[in-house]
Amino acid sequence: MDEELLQYVPDVHFEQIPIKNLVSNQEYQRNLSMKHVQRAAANFDLCQVNPVKVSRRDGINYVFNGQHTIEIIALVSNSRETPVWCMIYDNLEYKHEADIFANQMKYVKPLLPYETFMANIEADSDKHIIINDLVESYNLAITPSSAPNGICAVATLERIYDKYGFQTLDRVLRLLIGTWEGAPQSFSCNMLNGVARLVNAYGDELNENVFKEKVGQCSVKEIARNAKDRRSGSAGFAEALVLAYNKNSRSQRLPFDKLFTHKINKNGQGMVDGND
């Protein structure tokens, strides 16, 4: 191979090294997250395992990229005798290791939620196909950016589906479509989460026709302004939506305190603490 081209090839070699022979307690490393290790181990996929980067100094194998990887494999295999593929650097000093660790993600472009969602569609992920089919059933589309009749808050759709279930997500979309007819800002993450809070808290007590009529008298921007005056994030949106729903109404009012004293119910029916 051309010598000029070789300068772009790292001077490394690969070995399988038992986990017990790897050291990963350098000062520059972040603290080990056992919560992350346990979550990854519960969803272990051998094809997602990357080689561990190792600096061999004074005969010791120092891990400077992959400390969580080795702990995940140790947990899944129930043995520190388990070997892992390691990319060995033989000529690094401690300061150089720390510099590589600090800057390893500096120029890595992370996947956008939309890109991850669409990749999961291509992978035939049941959850993502179900969510996409639901969105399309309302003549909406998953989009990479804000657009009429498009939802770009794809991570929020997934969170609502995971946290509250399909029925709640379905009702959230139905309410938003019926109220604002696909206006882009009506599908912001705060609005989606705010309506999901209401659906979960009040269940059948939330009258959809009243919601569309009363809340629909306010623009999306007005709801957002009122939410900002209440509190940050989706909690502010939820409060603003309840206030709009209850405005000038003596009946069919939603009890305000119930908004924050409910349990999560994936069947789409609101539950108050202490009630089944």
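- Counting heavy atoms from C-beta on, the side chains of L173 and I151 come closer than 4.5 Å.
- Once rounded to the nearest 0.5 Å, the distance linking OG1 of T156 with CE of M191 reads 12.5 Å.
- For I223 against A244, the heavy-atom pair with the smallest separation is CD1-CB, 4.2 Å.
- Here the side chain of D45 pairs a donor or acceptor atom with the backbone of C47 at under 3.5 angstrom.
- With Y161 contributing its side chain and H128 its backbone, the two residues share no donor-acceptor pair below 3.5 Å.
- Looking at R80 and E71, a side-chain N of the basic residue comes within less than 4.0 Å of a carboxylate O on the acidic one, giving a salt bridge.
- Annotation: side chain of Y138 is in contact with side chain of D170 (closest heavy-atom distance under 4.5 Å).
- No donor-acceptor distance shorter than 3.5 angstrom exists from the side chain of N61 to the backbone of L22, with no hydrogens or angles considered.
- By the 4.5 Å heavy-atom criterion applied to side chains, T69 and N50 are not counted as neighbours.
- Considering only heavy atoms from C-beta on, L134 stays 4.5 Å or farther from I130 through its side chain.
- Checked by atom type and distance alone, the side chain of K258 never pairs as donor or acceptor with a backbone atom of Y202 at under 3.5 Å.
- Under the 6.0 Å distance and 45° angle rule, R57 counts as a cation-pi partner of Y62.
- Hydrophobic clustering, with ILVMFWY side chains joined whenever heavy atoms are under 4.5 angstrom apart, groups V135 together with Y164.
- W85 and I88 fall into different hydrophobic clusters, where Ile, Leu, Val, Met, Phe, Trp and Tyr residues are linked whenever their side-chain heavy atoms come under 4.5 Å apart, directly or through other members.
- A donor-acceptor contact shorter than 3.5 Å links the side chain of Q29 to the backbone of V63.
- Between R253 atom CZ and N248 atom CG the span is 9.0 Å, to the nearest 0.5 Å.
- Two residues are said to be in side-chain contact when any heavy atoms from C-beta on lie closer than 4.5 Å; L243 and N226 fail this criterion.
- The shortest side-chain heavy-atom distance between F64 and I100 falls under the 4.5 Å cut-off.
- A side-chain donor-acceptor contact under 3.5 Å links Q7 to the backbone of E4.
- Checked by atom type and distance alone, the side chain of N120 pairs as donor or acceptor with a backbone atom of T116 at under 3.5 Å.
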**Request:** Give the intermediate values and the outcome of side-chain contact (heavy atoms from CB on, under 4.5 Å) for residues L192 and L176.
**Result:** CA-CA 8 Å; L192 286 163; L176 289 173; 3.6 Å; yes

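- Of the possible donor and acceptor atoms, none in the side chain of R171 sits under 3.5 Å from a partner among the backbone N and O of V195.
- Note that CD1 of I129 and CG of D126 are 6.0 Å apart. Values are rounded to the nearest 0.5 Å.
- In this pair, Y245 and F211 present their aromatic rings tilted. The plane angle is within the 30 to 60° band.
- Ring geometry for F101 versus Y28: interplanar angle of 30 to 60°, hence tilted.
- Counting only heavy atoms from C-beta outward, the side chains of D162 and K127 approach each other to under 4.5 Å.
- Hydrophobic clustering of Ile, Leu, Val, Met, Phe, Trp and Tyr side chains at less than 4.5 Å, counting indirect connections, keeps I17 apart from V23.
- In this structure, CG in L157 is found 10.5 Å from SG in C189, a value given to the nearest 0.5 Å.
- Side chain of N200 to backbone of A196: no donor-acceptor contact under 3.5 angstrom is found.
- Of the possible polar contacts, none joining the T168 side chain to the G165 backbone as a donor-acceptor pair under 3.5 Å is found.
- In terms of heavy-atom proximity, L92 sits nearest to S55 at CB-OG, 3.6 Å.
- In this structure, the side chains of H13 and R56 come closer than 4.5 Å at one or more pairs of heavy atoms.
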